[in-house]
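All values below come from the heavy atoms of this structure, side chains included, with hydrogens, waters and symmetry mates left out.
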Amino acid sequence: MDRQFTLKDLVLFATLGLLIVLLLVAMYMVDRQWLKLAAMEHSLQEQAQDMRALRGQLGELERRIRSGEVVAGATGETTAAQQGDAFDRAYAASRQPDYAEGDWVVTAFGTGLQTITPLVSSDAYASQVQSHVLESLLTRDPQTLEWVGLLARSWQVSDDGLEFTFQMHPEARFSDGEPLTANDVAFTFAFIMNPRIAAPRERAYYSKIESVTATGTHEVVFRFREPYFNALSLAGGLAVLPQHFYAPYLENPEAFNQSKGLLLGSGPYRLGDARGWTPDQGLVELERNPRYWGRVQPPYERVIWRIIENDSARLTTFRNGDIDTYSARPLEYRRLLDDAALSARARHFEYMSPVSGYSYIAWNQGSAERPSPFADRRVREAMTWLTDRQRIIDEVFLGYAEVAVSPFNPRSRQHDPALKPRGFSIEKARALLREAGYDDRDGDGVIEDAEGRPFRFELTFFQDSEDTKRMVLLLRDIYARAGVLLEPKPTEWSVMIEAIQKRDFDAITLGWTSGLETDIYQIFHSSQIEGQADNYVGYRNPELDRLIDQARATVDEDARMPLWQAAERILHEDQPYTFLMRRQQLLFVDRRFSNLEITRMGLNFQMLPVETYVPAPEQKYPR
């Protein structure tokens, strides 16, 4: 049935039309608001960039005034001997014609992190993250290796060598905007020395310091109990914690000790949430500190470390361009050098860093009540004679390493050049094991102790390291030729850390980083056996303790070096570790990064203050 168009229909259509018009108007207004917000965001970014540039210029001007290059009140500039500081190299980089801010640095860690909270964490990866967030009074110039000011703009040493006075930059700020003062430095020391804070390693280091006193808003004095060879490094290298952020945890230390991601500092980068990082995120992401006080602003918007434990997966991710660096295993490195696609995308570097450290097998000596077979020095020495280190270097690491003699770098004055690494000798090993009471008593090819128990032990190692796995399997076969049964124990990283803390292992293979002059107190002094300190093999030698104490108390370098060399000879004799090797770094880096340079400290990629950058046309990540 037909129906006529009525007035009611007209009103209905008119209402509907009006609604459509209003909806379009609303969409238009929302769109305009978004455009305004985008414009405001762009404007704020530009203002932030201008402020960073202005801070950099002011910082540079202050440096020039302090150094005498510019004399206040003079009609012109006068030139004087330039006093370097930590930002000189970064400043020179920022003057390059193609220099630009922006882009991200995305790399990968080979193991997961348990925590990135300072003092609580114990691994090198966490230290790498912290170095972007926390700052110290001094740092080393990577080329000259001299100490230069970072938070400190000047410092003095008392005549007796026991007091170090630092004048700090007054403009320094933490990333939340709070000023960084001498009180924060004094607080950091007190926080570390508080026995309720889980920092036994740091307490061992800083026990040489009697007091840290703020003598002014920006002046702090470190007083040492006794002369200490590494005093300037110890005081100047203290990573400063903000008192207002960490002090509340003294009311509940367990909340700090069990924390995963309490990280806030004055460095060029910061966590988005200074309390919110957890290991289950699978990465650590830092953003540029918008309040960074330094005279050179960090170029990268973000610094990200992804957790990729599997070597093959890490290489695939690098090939796909999802991470910017790849630290190759020797076998891969040699193969990848012939990969044309990879060479077009990445530069390669191979170098021996003086602070890269050494790998080792640690022999757990057990306790006084229940000594292990490795409590006998002859057994440990025999194990070193059995560990064919040159064969491991040749077959597993393809020559990209050198045999380690001791914890001391062979190029440092701590090393006694007359000391040579033991070679490989099954005969010498068997003779020592026989002296220690181990012999093949039943003719089955396995040596036994006097009670007939076979010489069998577990070697704990990180399960995701293919090279270590190959090394352990090679050692298993070599040891078996002397009748020693090695049982490989591949282990997750977190379980390894727990095993070390509980001293629950027979032998374990790991690595230590080194310094330019290595202090071995933490690792080999008998006072560092108890608790969760780092002498986790239970090694004791009173003469070594005496030499370590004496060397640490000797400021004069010429007098100190013979003491270190004497200590090295004892370690070489006692073999608490079998020192394995020092490995070269074999690294691929995306070609878009500029100003890469191998310094005396190693490659400057991710050194701080940041001195690499990506030219604008080559940047791949948006702001």
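- For the pair Glu254 (side chain) and Arg196 (backbone), a donor-acceptor distance under 3.5 Å is absent.
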Could you walk me through whether Trp564 and Thr518 pass the side chain to side chain contact (heavy atoms under 4.5 Å, CB included) test, one step at a time?
CA-CA 9 Å; Trp564 284 135; Thr518 303; over 6 Å; no
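- Here CG of Leu315 is found 11.5 Å from OG of Ser327. Values are rounded to the nearest 0.5 Å.
- Formation of a donor-acceptor pair under 3.5 Å by the Asn364 side chain with backbone atoms of Phe505 is found in this model.
- With Phe524 as the partner, the ring-ring contact (aromatic ring centres under 6.0 Å, His included) test is satisfied by one option alone out of Trp512, Tyr577, Tyr536: Tyr577.
- Arg140 places a side-chain N or O within 3.5 Å of a backbone atom of Leu145 that can act as its donor or acceptor partner.
- Atom CD in Glu202 sits 6.0 Å away from atom CD1 in Ile192 (nearest 0.5 Å).
- Looking at heavy atoms from C-beta onward, Lys260 lies out of side-chain contact with Asp280 at the 4.5 angstrom threshold.
- Ring geometry for Trp363 versus Tyr479: interplanar angle of 30 to 60°, hence tilted.
- By the side chain to side chain contact (heavy atoms under 4.5 Å, CB included) test, Asp545 pairs with His525, Ser526, sequence neighbours left out.
- For the pair Ala382 and Leu433, the tightest heavy-atom approach, listed with the atom from each and the gap, is CB-CG, 3.7 Å.
- Under 4.0 Å is where a charged nitrogen must lie from a carboxylate oxygen, and between Glu557 and Arg413 at least one such pair does.
- What you find for Arg582 and Ser514 is that their closest heavy atoms are NH1-OG, 3.9 Å.
- Here the shortest heavy-atom pairing between Val555 and Pro227 reads CG2-CB, 3.7 Å.
- The shortest distance between side-chain heavy atoms of Thr554 and Phe229 does not fall below 4.5 Å.
- Side-chain atoms of Arg347 never come within 3.5 Å of backbone atoms of Val589 as a donor-acceptor pair (strictly under, hydrogens ignored).
- A donor-acceptor pair is defined here as one N or O able to donate and one able to accept, closer than 3.5 Å; no such pair exists between the side chain of Glu395 and the backbone of Ile392.
- Within the model, atoms CD of Glu135 and CG of Leu137 stand 10.0 Å from one another, a figure rounded to the nearest 0.5 Å.
- Between Leu475 and Ile361 there is a side-chain heavy-atom pair separated by less than 4.5 Å.
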For the pair Phe222 and Tyr228, evaluate ring pair (Phe, Tyr, Trp, His ring centres under 6.0 Å) and give the outcome as yes or no after the intermediate values.
CA-CA 12 Å; Phe222 287 71; Tyr228 177 45; over 10 Å; no
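- When atom types are taken as modelled, the side chain of Arg377 and the backbone of Glu573 share a donor-acceptor pair closer than 3.5 angstrom.
- Residues Asn535 and Val537 have side chains in contact (heavy-atom distance under 4.5 Å, counting atoms from C-beta outward).
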Which side-chain N or O atoms in residues 442-453 pair as donor and acceptor under 3.5 Å with protein atoms at least two apart or in another chain?
from   : atom 1 : to     : atom 2 : distance (Å)
Asp442 : OD1    : Asp444 : N      : 3.2
Asp444 : OD1    : Val446 : N      : 2.9
Glu448 : OE1    : Arg441 : N      : 2.8
Asp449 : OD1    : Glu451 : N      : 3.0
Asp449 : OD1    : Gly452 : N      : 3.1
Asp449 : OD1    : Arg453 : N      : 2.8
Asp449 : OD2    : Arg453 : NE     : 2.9
Asp449 : OD2    : Arg453 : NH2    : 3.1
Glu451 : OE1    : Arg453 : NH2    : 3.1

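- For Thr387 and Thr578, the side-chain atoms include no donor-acceptor pair closer than 3.5 Å.
- In this structure, CZ on Phe424 lies 5.0 Å from CG on Asp388, to the nearest 0.5 angstrom.
- Counting heavy atoms from C-beta outward, Ser121 and Thr115 have side chains that approach closer than 4.5 Å.
- Note that Arg552 lies in the cation-pi zone of Tyr521, set by a 6.0 Å cut-off to the ring centre and a 45° limit from the axis.
- Side-chain contact check for Phe191 versus Leu119: some heavy-atom pair is nearer than 4.5 Å.
- Contact check for Met471 versus Leu580: side-chain heavy atoms found under the 4.5 Å cut-off.
- For residues 419-435, the side-chain hydrogen bond (donor to acceptor under 3.5 Å, both in side chains) pairs, not counting sequence neighbours, are Glu381-Arg422.
- Using modelled atom types, no side-chain atom of Arg306 and backbone atom of Leu283 make a donor-acceptor pair closer than 3.5 Å.
- The two residues Asn257 and Val120 have their closest heavy-atom pair at O-CG1, 3.5 Å.
- Within the 4.5 Å cutoff, side-chain heavy atoms of Tyr360 are placed close to those of Leu510.
- Put simply, the side chain of Arg314 never gets that close to the backbone of Ile323: no donor and acceptor are under 3.5 Å apart.
- Applying the side chain to side chain contact (heavy atoms under 4.5 Å, CB included) test to Asp338 and every residue at least two apart in sequence or in another chain returns nothing.
- Checked by atom type and distance alone, the side chain of Ser412 never pairs as donor or acceptor with a backbone atom of Glu517 at under 3.5 Å.
- Atom CD1 in Ile304 sits 8.5 Å away from atom CG in Leu286 (nearest 0.5 Å).
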Result block: side-chain N/O donor-acceptor pairs under 3.5 angstrom for residues 401-409, not counting sequence neighbours:
from   : atom 1 : to     : atom 2 : distance (Å)
Glu402 : OE1    : Arg411 : NH2    : 2.8
Glu402 : OE2    : Arg411 : NH1    : 3.0
Glu402 : OE2    : Arg411 : NH2    : 3.3
Ser406 : OG     : Phe408 : N      : 3.0
Ser406 : OG     : Glu568 : OE2    : 2.7
Asn409 : OD1    : Arg411 : N      : 2.8
Asn409 : OD1    : Arg411 : NH1    : 3.3

Donor-acceptor pairs under 3.5 angstrom involving side-chain atoms of residues 480-499: please list them, not counting sequence neighbours.
from   : atom 1 : to     : atom 2 : distance (Å)
Glu487 : OE2    : Arg456 : NH1    : 3.1
Thr491 : OG1    : Lys489 : O      : 2.8
Glu498 : OE2    : Lys502 : NZ     : 2.9

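- Outside the 6.0 Å centre-distance limit, the rings of Phe605 and Phe349 are not counted as a close aromatic pair.
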Does Arg470 form a side chain to side chain contact (heavy atoms under 4.5 Å, CB included) with Leu331? I'd like the steps, not just the answer.
CA-CA 12 Å; Arg470 290 181 62 202; Leu331 196 60; 4.2 Å; yes
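- A donor-acceptor pair is defined here as one N or O able to donate and one able to accept, closer than 3.5 Å; no such pair exists between the side chain of Arg225 and the backbone of Lys208.
- With respect to the salt-bridge test (charged N to carboxylate O, under 4.0 angstrom), the residues Arg600 and Asp141 do not qualify.
- Just one of Ile523, Leu571, Ile529 meets the side chain to side chain contact (heavy atoms under 4.5 Å, CB included) condition when paired with Tyr539; it is Leu571.
- Atoms CG and CZ, from Leu586 and Phe588 in turn, are 8.0 Å apart once rounded to the nearest 0.5 Å.
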